[in-house]
Amino acid sequence: MNTSRLLIRNSAFSLLAALMGRASASLTFIIVARILGPTEAGVYGLGVAFSTIGAGIAYWGLDQVMARDIAQRRDLAGLYSINFIVGRAVLATIISLVISASTLWPFKYDSHTRVTIIVMAMSILPNAVDDVWASLFVAFERIHVSAFTAVTTGVVHLVLAYFVVRSGGTAESVALVVVATSLARLTLNTLLGIRYLRGKAIPLRVSFMIAQLREALPFLFINVCITLGAQADTILLSLFLSEYEVGLYRGALTIITAVLLLPEAFRVAVLPTMARLYSESYHAFVRMYHRFSFYLVLIALPISGVIFVLADSILILLYGQAFAVGAVVLRILCLSFLFNFLVVPSARALIILKRQDIAAKAQGIATLVGVGATLVLTPLFSMEGAAIARVASVLVLFFGCYRYVSKHVSWFNIGRNVWRPLLLILVVTGILRVLMADFPVLVSMLVAGSLYTLGLLGMRVITRQDIRDLLHLK
């Protein structure tokens, strides 16, 4: 298989594994929320938030180091794998204990919430060790193995979660399902991955492990910032509000997280193309950056607009009437989705320019802004304050990356490119609000998409040349 096809295949399998993990998490929350209600959803959401942050620290960015080094020296697979497994296991155990202690202080949760968080924290260890095997598959360009196990265990996880909840289970029960499927995935990947170690006796080297931990510190910083940016608001919210409000907030956030799968797909797909164009022609690279930014504007605006207008109906459709009070939160979070989408071209350009440090600084500042704003705004504005804080954090990240690329590469004029699609989406959402208020949600979405597409063509926002460029992009 040639390099291009291998890259496309590996990107597709990598995306499939990531999407399955995200989809499984979102659908599990929807099952819990719809059947058990906002309070249990809040309890489960807190367990997910704590375990996700813990896993981000336990991973320590070693997966990046491992995939890079073993790809160059496959004979070192055993040395890296065994030492990283032991190192990850130690880190995960310590972090799980810290999380368990934090449920007594400073958070002081009730026994039900505390047990759920502690059980979810037990999944950190198998997930951290399993990620070593996933990194090994990446290094050997066998990403389809990880995709297979992710899809298999993801489906099993969803089926078990559904039947457990339907049988009268609580958030604690679902947390046990998470731990069980994590152990199953670890066992499966271990059986599939151990043959790559070639059966040699592999020593544990403390000095080697410490050196790798130091080398991975920049990756740890980026991972922790990203994880905190995604999960910290849920935990900080619980300092001021009950699990009921946390559940309502998490319900709105889960919808935004689900649609963020779209920029995730674009993020994976565009990097190879932009990198190739950069190596061939700087002018072509800049043109690609502009066109890609423009296309993302066209995609992000209608999604944000439709969710904003139909927020109440979407929440009721997914979770039930009890979650309708979270509509204002969902409308605010639409802005975070919009700028999460629009940051993709600038962030990818920074990687190609080898200026990841700029992205890391922007991510770090954005995380600090998000945490600080959540602590200030939540006591003042409740759930809505936490949503505003998340939007502020994403705006800092967007403008941090966008400003550098505009100054050192090329300026993408947002105002000039956004006014026509923005005007169009205002008209379309106005039609939804006034003329289609009583229509089913899915019908309204379909009509909105059709009107928007026809409008783009009718106003010549998209031209025949744009379509040809997309069809002939190589």
Side-chain angles (χ1 to χ4, degrees), residues 20-59 88-89 91-104 107-131 133-134 149-191 227 231 234-235 238 243-244 246-247 250-251 254 257 319:
M20 188 62 206
R22 190 86 62 87
S24 177
S26 298
L27 290 173
T28 300
F29 179 86
I30 291 172
I31 290 170
V32 173
R34 187 168 185 83
I35 299 175
L36 301 180
T39 301
E40 283 298 305
V43 173
Y44 179 72
L46 283 169
V48 171
F50 273 100
S51 63
T52 302
I53 292 174
I57 299 172
Y59 287 2
R88 283 268 184 90
L91 285 171
T93 301
I94 294 172
I95 292 165
S96 298
L97 292 173
V98 171
I99 288 174
S100 299
S102 73
T103 61
L104 296 171
F107 295 102
K108 298 180 181 179
Y109 295 120
D110 61 35
S111 59
H112 175 48
T113 304
R114 187 184 310 125
V115 171
T116 301
I117 293 171
I118 291 172
V119 173
M120 286 292 291
M122 293 169 60
S123 69
I124 296 174
L125 195 154
N127 285 336
V129 174
D130 176 66
D131 188 66
W133 294 115
T149 56
V151 171
T152 303
T153 56
V155 171
V156 171
H157 169 84
L158 285 173
V159 172
L160 288 176
Y162 177 79
F163 280 108
V164 164
V165 172
R166 273 296 183 193
S167 301
T170 63
E172 291 178 29
S173 310
V174 179
L176 287 171
V177 171
V178 172
V179 175
T181 51
S182 298
L183 288 169
R185 186 172 61 251
L186 170 60
T187 302
L188 192 55
N189 277 336
T190 301
L191 294 173
T227 306
Q231 304 293 338
T234 299
I235 295 174
S238 69
E243 282 86 344
Y244 173 78
V246 172
R250 194 78 185 187
T254 297
T257 303
Y319 306 120

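The structure displayed is predicted, hence computed values, not measured ones. We use all heavy atoms of the structure for the numbers below, so side chains are in, but hydrogens, waters and symmetry mates are not. Residue numbers run from 1 in the order of the sequence given.
The shortest side-chain heavy-atom distance between E243 and L46 falls under the 4.5 Å cut-off. At least one side-chain heavy atom of T93 sits under 4.5 Å from a side-chain heavy atom of L125. Considering only heavy atoms from C-beta on, R250 comes within 4.5 Å of V48 through its side chain. Side-chain contact between W133 and L186 is present, with at least one heavy-atom pair separated by less than 4.5 Å. With contacts defined as side-chain heavy-atom distances shorter than 4.5 Å, the pair D131/N127 does not qualify.
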Check: Step by step, would you call Y162 with L27 a side-chain contact (heavy atoms from CB on, under 4.5 Å)?
Finding: CA-CA 10 Å; Y162 177 79; L27 290 173; over 6 Å; no
Check: Step by step, would you call I57 with L91 a side-chain contact (heavy atoms from CB on, under 4.5 Å)?
Finding: CA-CA 8 Å; I57 299 172; L91 285 171; over 6 Å; no
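A donor-acceptor contact closer than 3.5 angstrom links the side chains of S238 and Y109.
When atom types are taken as modelled, the side chain of T113 and the backbone of D110 share no donor-acceptor pair closer than 3.5 angstrom. T227 places no side-chain N or O within 3.5 Å of a backbone atom of I53 that could act as its donor or acceptor partner. Of the possible polar contacts, one joining the S102 side chain to the I99 backbone as a donor-acceptor pair under 3.5 Å is found. A donor-acceptor distance shorter than 3.5 angstrom exists from the side chain of Y319 to the backbone of G251, with no hydrogens or angles considered. Judged purely by atom type and a 3.5 angstrom limit, S24 has no side-chain atom pairing as donor or acceptor with the backbone of G21. Side chain of E40 to backbone of A171: a donor-acceptor contact under 3.5 angstrom is found.
Residue T153 holds its OG1 atom at 7.5 Å from CG of L188, rounded to the nearest 0.5 Å.
Partner of T28 under the side-chain contact (heavy atoms from CB on, under 4.5 Å) criterion, out of V177, T254, L160, V174: V174 alone.
Counting only residues at least two apart or on different chains, the salt bridge (Lys or Arg N to Asp or Glu O under 4.0 Å) pairs with a member in residues 175-190 are D130-R185.
Counting all heavy atoms, side chain and backbone alike, Y44 lies closest to T116 at CA-CG2, 4.5 Å.
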